[in-house]
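Worksheet: one structure, shown below.
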Amino acid sequence: MERTITIDGKEYPVKFNMSTLIAFEQTSNNTFFNENFDKLYSRVILVFAAMFAADENITTDVLLNSKDWQGITKAFNTIMEMAAEFFKIPKIVADAEAKETTTEKEEKAEKN
């Protein structure tokens, strides 16, 4: 499955497949299945892994030099939707997990 994301006004293809999972785990030195993606670092690595799966010539500079916070956030959300499709997670479960993650982050922000 392939989609397109937009970072800094430029479109990039992304894929979610075994290559994405392996690139994520090699780059982060963490398993995808235990990652909760609460750090920007892990989110950016996942976006990069999906970009790399679609184009092995892509470099991390696209993301590390980006000034497009919303673009990266939208890209991460797109890739998580692709992950749900890849793992055949029912949409209602994926939506509930996303809501739970958002609620946890809001609660942490309120405490700080």
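The first residue in the sequence is number 1, and the count goes up from there. Just so you know, these numbers come straight off a predicted model, no measurement behind them.
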From CG (Asp55) to CG (Asn57), nearest 0.5 Å: 5.0 Å
Validation: residues 73-84 side-chain donor-acceptor distances under 3.5 Å, sequence neighbours left out:
from	atom 1	to	atom 2	distance (Å)
Thr73	OG1	Trp69	O	3.0
Asn77	ND2	Thr73	O	3.4
Thr78	OG1	Lys74	O	3.0
Glu81	OE1	Arg3	NH1	3.4

Qualifying residues under side chain to side chain donor-acceptor pair (under 3.5 Å), relative to Thr60, sequence neighbours excluded: none
Leu40 reachable from Phe24 in the ILVMFWY side-chain graph, under 4.5 Å edges: yes
Closest contact, heavy atoms only, Val62 versus Ile58: CG2-CD1, 3.8 Å
Minimum side-chain heavy-atom gap Phe32-Leu46 below 4.5 Å: yes
Separation between CD of Glu25 and CG of Asn34, rounded to the nearest 0.5 Å: 9.0 Å
Gap between atom NZ of Lys39 and atom OG of Ser28 - 0.5 Å precision: 11.0 Å
Non-neighbouring partners of Asp68 that pass side chain to side chain donor-acceptor pair (under 3.5 Å), sequence neighbours left out: none
By side-chain contact (heavy atoms from CB on, under 4.5 Å) - contacts of Thr59 (at least two apart): Asp61
side-chain contact (heavy atoms from CB on, under 4.5 Å) between Ile7 and Ile5, intermediate numbers included: CA-CA 7 Å; Ile7 306 288; Ile5 59 170; 4.1 Å; yes
For the student: nearest non-hydrogen atoms of Thr20 and Ala53, plus distance: OG1-CB, 3.3 Å
Show which side-chain atoms of residues 9-16 pair as donor or acceptor with protein atoms under 3.5 Å away, not counting sequence neighbours.
none

Contacts of type side chain to side chain donor-acceptor pair (under 3.5 Å), residue Ser42, not counting sequence neighbours: Glu35
Transitive ILVMFWY side-chain link Leu63 to Tyr41, under 4.5 Å: yes
Gap between atom CG of Asn30 and atom CG of Asn36 - 0.5 Å precision: 9.0 Å
Over 12 foreign heavy atoms within 6.0 Å of CE, Met18: no
Pairwise side-chain contact, Phe86 with Leu21, heavy-atom cut-off 4.5 Å (strictly under): yes
Approximate separation, where rounding is to 0.5 Å, of Ile45 CD1 and Phe52 CZ: 13.5 Å
Side-chain touch Asn17/Met1, heavy atoms, less than 4.5 angstrom: no
